[in-house]
Amino acid sequence: MALLVGKMAPFFKSVAVFAGEFKDVSLDDYRGQYLVLFFYPLDFTFVCPTELHAFQERLADFNRLGATVLACSVDSQFSHKAWLETPREKGGIKGIEYGLIADVGGKIARDYLSLIHI
């Protein structure tokens with residue numbers, strides 16, 4: 001398996017959900033900036049909300065350091081929007097302020113070696 005450390009980040013272009021709104025995003029939008037891009041398996045799963053809420057709890061710290069946080073999964077932007085509208089006590093992620101990137105088909109995840117089929 002190839003490593004990405006020390007290499008240019010793979011280009012991506014997709015739709016993300018920010019505060020309930022759909023927005024086209026690409027890696028080019030963040031050139032010259034610090035970008036924290038993390039991957040999680042699926043919306044509406046029981047483990048993933050803890051990770052997303054943990055990033056939200058530290059979002060101000062990332063922002064103070066000049067970093068933008070984005071999450072990515074193989075779900076659609078419509079699934080992301082529904083999950084963002086679901087209250088935390090019902091397994092949702094309502095209150096998350098950073099963008100969720102749709103990666104239907106998993107191309108971004110594969111390019112970042114986050115989704116590997118054996």
Counting C-beta onward and ignoring hydrogens, is there a side-chain heavy-atom pair between [X] and [Y] closer than 4.5 Å?
X    : Y   : value
D43  : S73 : yes
I108 : V74 : no
T68  : Y34 : no
I93  : T86 : no

**Asked** Out of curiosity, E57 CD to I96 CD1, how far, rounded to the nearest 0.5 Å?
**Response** 8.5 Å
Checking [X] now: which residues fulfil side-chain hydrogen bond (donor to acceptor under 3.5 Å, both in side chains) with it, not counting sequence neighbours?
X    : value
D103 : none
S14  : none
R88  : none

Can you hop from [X] to [Y] via hydrophobic side chains spaced under 4.5 Å?
X   : Y    : result
V36 : L70  : no
L42 : L115 : yes
L52 : F78  : yes

**Prompt:** Do any N or O atoms from the side chain of S79 and from the backbone of S76 form a donor-acceptor pair under 3.5 angstrom?
**Reply:** no
**Request:** Look only at the side chain of W83 and the backbone of P49, and say whether a donor-acceptor pair between them is shorter than 3.5 Å.
**Result:** no
Using the side chain to side chain contact (heavy atoms under 4.5 Å, CB included) criterion, which residues pair with [X]? Sequence neighbours excluded.
X   : result
A16 : F18, V25, I101
L27 : A9, F11, F12, R31, L35, Y112
K94 : none
A82 : F44

**Item:** Sequence neighbours excluded - salt bridge (charged side-chain N to carboxylate O under 4.0 Å, His left out) pairs with any residue from residues 9-25
**Value:**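 Counting only pairs at least two positions apart or across chains, no salt bridge (charged side-chain N to carboxylate O under 4.0 Å, His left out) contact touches residues 9-25.
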**Complete:** So salt bridge (charged side-chain N to carboxylate O under 4.0 Å, His left out) across residues 46-56, not counting sequence neighbours, yields none
**Where D29 and Q33 come nearest, the two heavy atoms and their spacing** =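 That would be O-NE2, 3.3 Å.
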**Asked** What closest approach, in Å, do H80 and L100 show between heavy atoms, and which atom pair accounts for it?
**Response** CD2-O, 3.5 Å
**L84 vs V17, side-chain contact (heavy atoms from CB on, under 4.5 Å): CA-CA, chis, key distance, verdict** = CA-CA 9 Å; L84 283 162; V17 182; 3.5 Å; yes
**Request:** Apply side-chain contact (heavy atoms from CB on, under 4.5 Å) to V69 and L59, showing your working.
**Result:** CA-CA 7 Å; V69 174; L59 188 59; 3.8 Å; yes
**Residues forming a salt bridge (charged side-chain N to carboxylate O under 4.0 Å, His left out) with E85, sequence neighbours excluded** =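 With neighbours one apart ignored, the set is K81.
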**Prompt:** Restricting to pairs with a member in residues 52-75, which pass ring-ring contact (aromatic ring centres under 6.0 Å, His included), not counting sequence neighbours?
**Reply:**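 Counting only pairs at least two positions apart or across chains, the ring-ring contact (aromatic ring centres under 6.0 Å, His included) contacts touching residues 52-75 are F38-F55, F55-F62.
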